[in-house]
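Predicted model, so just to flag it, every value in this text is computed and none were measured.
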Amino acid sequence: MFSPGTKRSNVNPRRDPGSPATPLVENRRSVSDNPVPNRPSTGTPAPWAPRLSVLARVLPANQSEKGDEIKPVYVGEFPQVVRDEQASMVQKHVHGDTYVSGGMERGTSLAWIICGNRLFVWSYLSPAASINCIVLEIPAKVFEGGDVGRSGGNCWLLCVVNWDSTSTRTKKVVKHCSSAGIVLCNKKTRAAVYWPDIYAEGRTAPVVSVASSDELEANSSPIDRKTTPKRQQLNMRHRSSLTGFCTFNSLIASAVPDSQNMCVALACSSDGELWQFHCSPSGVSRKKVYRDNQTLSSQGGDNGQNLGSKGYPRSLTWCVPSLPMQESNRLFVLLTDHHIQCFNVELCDEFVVSKLWSHEIIGSDGDLGIKKDLAGQKQIWPLDMQVDYHGKVTTILVATFCVDRGSGSSYTQYSLLTMQYKSGMSVEPTHERVLEKKAPVQVIIPKARVENEDFLFSMRLRVGGKPSGSAIILSGDGTATVSHYFRNSTRLYKFDLPYDAGKVLDASILPSTDDGEEGAWVVLTEKAGIWAIPEKAVILGGVEPPERSLSRKGSSNEGSAQEERKNLTFAGNFAPRRASSEAWDAGDRQRAMTVSARQTAQDEESETLLSQLFHDYLLSGQVGASFEKLKNSGAFDRDRETNVFARMSRSIVDTLAKHWTTTRGAEILAMAVVSSQLMDKQQKHTKFLQFLALSKSHEELCSRQRNSLQIILEHGEKLAGMIQLRELQNIISQNRSSGLNSSHSSPENQISGALWDLIQLVGERARQNTVLLMDRDNAEVFYSKVSDLEQVFSCLDKQLEYVINAEQPFGIQVQRACELSNACVTIVRTAMQYRSEHHLWYPPPERLTPWYCLAVVRNGMWHLASFMLQLLKEASQLDVSAKSDLYTHLEVLAEVLLEAYAGAVTAKIELGDEHKGLLDEYWNRRDALLDSLYQQIKEFVEVGHQNLNEGTDDLNEEILAKLSSCLLPMAKRHECYSTLWKICCDLNDSGLLRNLMHDSRGPNGGFSYFVFKQLYLRRQLSKLLRLGEEFPEELSIFLKYHQDLLWLHEVFLHQFSSASETLHELALSQKESSISEAEEGTGPENLTMLPKLADRKRFLNLSKIAAIAGKDVDSETKVKRIEADLRILKLQEEIINLLPDDETKQSLDTKLLHPEDLIKLCLEGEKGAELSLRAFDVFAWTSSSFRKTRANLLEECWRNAADQDDWSKLYQASVSEGWSDEETLQNLKDTVLFQASNRCYGPEAETFGEGFDKVLSLRQEIAEPPIIKDSVSSVEAVLMQHKDYSEAGKLMLTAIMLGSLQDDNIEQEGPVPME
């Protein structure tokens, strides 16, 4: 936020701009009276003040809650050791600098502060009560001149190397770093310190690398080199700025894969050099790996200042910060005065650093970056560079010094340049353009005051926080400004605490539990702890740039600034205001009202009215005209979570009790106040329901807003579940406490366990998602956020491995799994019980899904259940009692899980949504659970039988019946037919089987269908049909898909005609399985082999007998069709016998071929004459429709028949030998044309249906029009297309004409003359 616009008349230009004005006399106290000298009496409470976290949350009386949305949020206190060291430093340096330096490491969520010669490291995500602060001693030789007091607060560079093998970014909830190394570098002395593992037990002293005298000499200024050694040493001790000495500007580090606590660090210095540090537990080696001579040239401003010897390169960063540590190569980029240069470092062997490419960001081409030499432009400074966490976007902070040609005034323009890769990241050296602008240059402040270069070079950039696309700029004097591009303009939110809070040391990002999204900005201050900047604060509190500086200083032209503020206009209803931290407690709380805020004004009014009416009811017990007032205010207009009644209910159950705040860590769960507060919430929520009923609001909600009413009642369910969960935690704590020795009976030991760890995990996740809760204890947050109870199951689904570690002893894993299972069952069953007891309050349940039936709850329970199933499979090392306990917990959990699935499926069906996927998931998980549970029961029976040494089958069945008494009704309830079948078979109880078949009926046959299917697969057909007599409807459904049994049933019922049709269809069936495709199970055991041709013949003969016995009107036609099919079946056998012996013939032995396929097989066969005639036989016994629709195929058969004889040779023989009519007849009788004509057109030709002449006449009529190509209507026309027809056509026609007559008539009447 921005500083007030009032002019500071008491500011001394010579005084340090970061120090406040001299306080009044009455405010100056001695050190004994106040350890903090010159502390102002107003502003942010000091962190060491009592109950800071409470004070930071309490709203002033004149301040509304809405105005609080633009405030930063206090996240956490410094560890006590840090606070003690700061107090000690204040006493030692009352009149001087305390030399505090610090930072935040995003990847590991670690914060660090250097006070004097001590380095403090802790996780800024941990609650204050559980902070584990690591204290490291910095060797004295690292400091400038060996004197701790000579090193300023901004002279340290630090990198954390995470040794954890699993990347924290792969998890929804960040796992705290448990193994990390630290590389610390002094900017001035260039000395490096390395701690291999700060979390290791028995931590050893760090290893140090000090710059050699040659290195320091080479990097000192020319002026320093001319002085005497004594004078040079004096200059070293008294140098207060970077001028004349090439310091390190940036440091990065990466772990070396497949090594033990080894890493490589890279640092860039102001003289264009790039240095490499190889750090290992044995020592740190350094070498110069690159020098950029281009940075030594002047940038080319009017002042001709040489920047190369002082400021560049500015920063280093990895191209992909989130890259896993297993990679053997890493790319990094270097920011110079006008380039971005990319390098590759090999994380193995010699650690070679090679340059890949360079991209000019400041030059004559504005498309590449920022165009220089524009009018009024004097100098450009690239100040810092950051790459987003996934390595896709590179952002550069740029400052431009300009002179207004009209007025002659000078100013500085700050802007952000964003670059992205054109076609992916280049891993090979290239001279082509690699980067391109992602967006136009974003101007942060168009006209800011002119700052000196020390201030410019102190600026740092951070990217990646919320709102998406925002960036934060840290200035050297301790301010932080968030820049966010919002509604086509840049909005700035300046975090600037009062002077007593100290400077902003660094900024980072809270890890988010949402996929692909980062968390809010979090800021490390010098004295006031850690603060977060919520996303809403940036959006609502951001203003267009009214301030002419990014520093604490006021504008250099106060009148101009005032004029800017006067003329400044904002989009919508944004009122000009000063967003200063110093004005937090001022009366002016006019905030920017967005369109969405204006839309919810009526809702806020309704919510306020409801709160007031409910408060009056609590005091008086009267509702008055509450209903009319609420209805007039629009309280019933919104549905679901936005409804004011639902929001009111949520505020009741989610109330965060202020007096829960504690620094005693785990002891919060031992306090009776937790249970008391939960009971108070339940009592108040019950009162709220009574208020709804008495005011008739319940009736209105039930009729108009059913979803909202269900949400309100579900809050009651969750609250009841939370209370029972709290009681369960009490029982667990008491049991664990009673089982411990008094010497080890600490509060942490008493409550530690799986449920406690889960509570911590859920609470931490809520803290990370809501920055307002960051200063609260995890358990406190968990027991307060009642409405988010389903997050328990979300964490079980995604973070179960954190609660139950695979490295733990097997018995401990089982114990923790049972504890979590008990917690899940307690929550869900309590919610179900609440719903049952209050069912009259609930709206009609149609199309409403209970919260415990949601996917997040189901998946959490399933993940735990599947883990317990795996434990059961590996439970051979457990005793019977422990294994039985695990089974019992899993059985109860399975029942709750399946009930949740049943409710979800019912709601899906009622809503009319697609539910097949959910059904499949339900069935698969049901079968996996219940089948595994029953298998475990059988193992228990087997173990019991072995322990008895002697026993009978009756005894085993008795044990099995007892153990399966709970599983049987569960399987029946959820229609797990496979488990029911196994139980009945193993018990050999036909009575139980029949009872279950009667009880489990459904539209598709229910359990009876499954039983019939099992009997069918076992080929117990007689048992199946006898059992079916008791269940005729279910049997008829089953037999529809099993025709090989259907005909038997129809014969039994004397339905002979139906049996005939079934047998006929079965004989001609082409399906490989008689089981419906809609049935489950496609394995080989569920398939029926194809009937062989002999079986098909048998079915056809049986069909013929049944048709005759049926004596229907059309029975004669049916018999003829059956006989025709028998002939075709016989023809198939003959055709297959004529085929050569090969794999094709073997595959056709059991396969029923379609008549068309049979005909084509004849046309392709080698034995042409015999197979050619068989094709006409097949045509004859098909049907008239078949012949008509396949006339072209019939024509092809005649062409094939004509090709079987050499008609040219026959014609030549008839001419040369002078055949008589008798000889002609005898020679043509052997031709295929003659025989085919006799078969199709002869007087004794047999066909099913109409004859061949209805499809293809034998001779072409004289009156018929000329033959059209590719269209014929007679056999003669087909033969006319033959190649020998021109020569032997008359002979061919004679053959078909003779074949169409009977042989006897031909011999008696004499030959037919040839035409």
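Using modelled atom types, one finds no donor on one side chain facing an acceptor on the other under 3.5 Å when comparing S1237 with S1300. Under the 3.5 Å distance criterion, with hydrogens and angles disregarded, no donor-acceptor pair is assigned to the side chains of S1172 and Q1204. R1018 and Q1014 share a side-chain donor-acceptor pair at under 3.5 Å. Between T979 and D931, the side chains place a donor N or O and an acceptor N or O closer than 3.5 Å (distance only, hydrogens not considered). A donor and an acceptor atom, one from each side chain of R926 and Y901, are nowhere located under 3.5 Å apart. A donor atom on one side chain and an acceptor atom on the other are not found under 3.5 Å apart for Y421 and E436.
Here the side chain of N859 pairs a donor or acceptor atom with the backbone of A855 at under 3.5 angstrom. A donor-acceptor pair is defined here as one N or O able to donate and one able to accept, closer than 3.5 Å; no such pair exists between the side chain of W1207 and the backbone of M1292. The main-chain N or O of C976 is never found under 3.5 Å from a side-chain atom of H974 such that the two would form a donor-acceptor pair. Within the 3.5 Å criterion, the main-chain N or O of A902 finds a donor-acceptor partner in the side chain of T906. Side chain of N1101 to backbone of K1097: a donor-acceptor contact under 3.5 angstrom is found. Using modelled atom types, one side-chain atom of R1239 and one backbone atom of E1246 make a donor-acceptor pair closer than 3.5 Å. Side-chain atoms of D1284 do not come within 3.5 Å of backbone N or O of G1289 as any donor-acceptor pair. Side-chain N or O atoms of T1294 include one that pairs as donor or acceptor with a backbone N or O of K1290 at under 3.5 Å. For E1134 (side chain) and I1136 (main-chain N/O), no donor-acceptor pair under 3.5 Å exists by modelled atom type. Side-chain N or O atoms of T1189 include one that pairs as donor or acceptor with a backbone N or O of S1185 at under 3.5 Å.
The shortest non-hydrogen separation linking T1182 to V1178 is CG2-O, 3.0 Å. L930 and A971 get closest at one heavy-atom pair: CD1-CA, 3.8 Å. Nearest heavy atom pair, residue I1122 against residue S1103, reads CD1-OG, 3.2 Å. Nearest heavy atoms, C1197 versus I1159: SG-CG2, 3.7 Å. When all heavy atoms of L1171 and C1162 are compared, the pair lying nearest together is O-CB, 3.1 Å. Of all the heavy atoms in S1257 and R1259, the pair that sits closest is OG-O, 3.3 Å.
A salt bridge is absent between K982 and D986: the closest approach of a Lys/Arg side-chain nitrogen to an acidic carboxylate oxygen does not fall below 4.0 angstrom. A salt bridge is absent between R1190 and E1195; no separation between the charged side-chain nitrogens and carboxylate oxygens falls under 4.0 Å.
Between R858 and E921, the closest side-chain pair of non-hydrogen atoms falls below 4.5 Å. Using a 4.5 Å cut-off on side-chain heavy atoms (C-beta onward), V1011 and L1027 make contact. A 4.5 Å side-chain heavy-atom check between E1196 and L1163 finds at least one atom pair inside the cut-off. Side-chain contact between E1223 and E1217: absent, with no pair of heavy atoms (C-beta onward) separated by less than 4.5 Å. Side chains of E1123 and V1119 form a contact here, defined as non-hydrogen atoms less than 4.5 Å apart. Between Y1285 and L1293, some side-chain heavy-atom pair lies under the 4.5 Å cut-off. Looking at heavy atoms from C-beta onward, F1031 lies in side-chain contact with F1012 at the 4.5 angstrom threshold. Residues E1276 and L1258 form no side-chain contact, since every pair of their non-hydrogen atoms from C-beta on lies 4.5 Å or further apart.
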Check your understanding: Are W1198 and L1256 close enough, and set up right, to give a side-chain contact (heavy atoms from CB on, under 4.5 Å), and what steps lead you there?
Key -> CA-CA 10 Å; W1198 281 107; L1256 202 65; 3.7 Å; yes
Check your understanding: Does the side-chain contact (heavy atoms from CB on, under 4.5 Å) test come out yes or no for L1194 and F1176, once each step is laid out?
Key -> CA-CA 8 Å; L1194 181 59; F1176 291 103; 4.2 Å; yes
**Study point:** Stepwise side-chain contact (heavy atoms from CB on, under 4.5 Å) check, E1287 with H1282
**Key:** CA-CA 10 Å; E1287 183 180 11; H1282 195 272; over 6 Å; no
Practice item. Could you walk me through whether D1125 and H1064 pass the side-chain contact (heavy atoms from CB on, under 4.5 Å) test, one step at a time? Key: CA-CA 9 Å; D1125 289 334; H1064 196 178; 2.5 Å; yes
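Environment of CD in E432: sparse, with no more than 12 heavy atoms of neighbouring residues, nucleotides or ligands closer than 6.0 Å. The local environment of CD in Q1212 is crowded, with over 12 non-hydrogen atoms from other residues, nucleotides or ligands closer than 6.0 Å.
Cation-pi geometry between R1121 and F1248 is met: the NZ or CZ atom falls under 6.0 Å from the ring centre, inside 45° of the normal. The cationic group of R1187 lies under 6.0 Å from the six-membered ring centre of F1252 and within 45° of the ring axis, placing it in a cation-pi geometry. The cationic group of R1019 lies under 6.0 Å from the six-membered ring centre of Y1016 and within 45° of the ring axis, placing it in a cation-pi geometry.
Taking CZ of R1026 as the start and CG of L1015 as the end, the distance is 10.0 Å to the nearest 0.5 Å. Note that NZ of K1013 and OG of S1008 are 14.5 Å apart. Values are rounded to the nearest 0.5 Å. Here the OG1 atom belonging to T1224 is positioned 7.0 Å from the CG atom belonging to L1291, to the nearest 0.5 angstrom. In this structure, NZ in K1118 is found 6.0 Å from OG in S1060, a value given to the nearest 0.5 Å. Between L1158 atom CG and I1135 atom CD1 the span is 4.5 Å, to the nearest 0.5 Å. The distance from atom CG of L918 to atom NZ of K908, rounded to the nearest 0.5 Å, is 6.5 Å.
Taking the six-membered ring where the residue is Trp, F1186 and F1179 present tilted rings, their angle falling between 30° and 60°.
Under the side chain to side chain contact (heavy atoms under 4.5 Å, CB included) rule, L1228 has a single partner from I1296, L1298, L1233, which is L1298.
In this structure, H998 has its ring center no closer than 6.0 Å to that of F1007.
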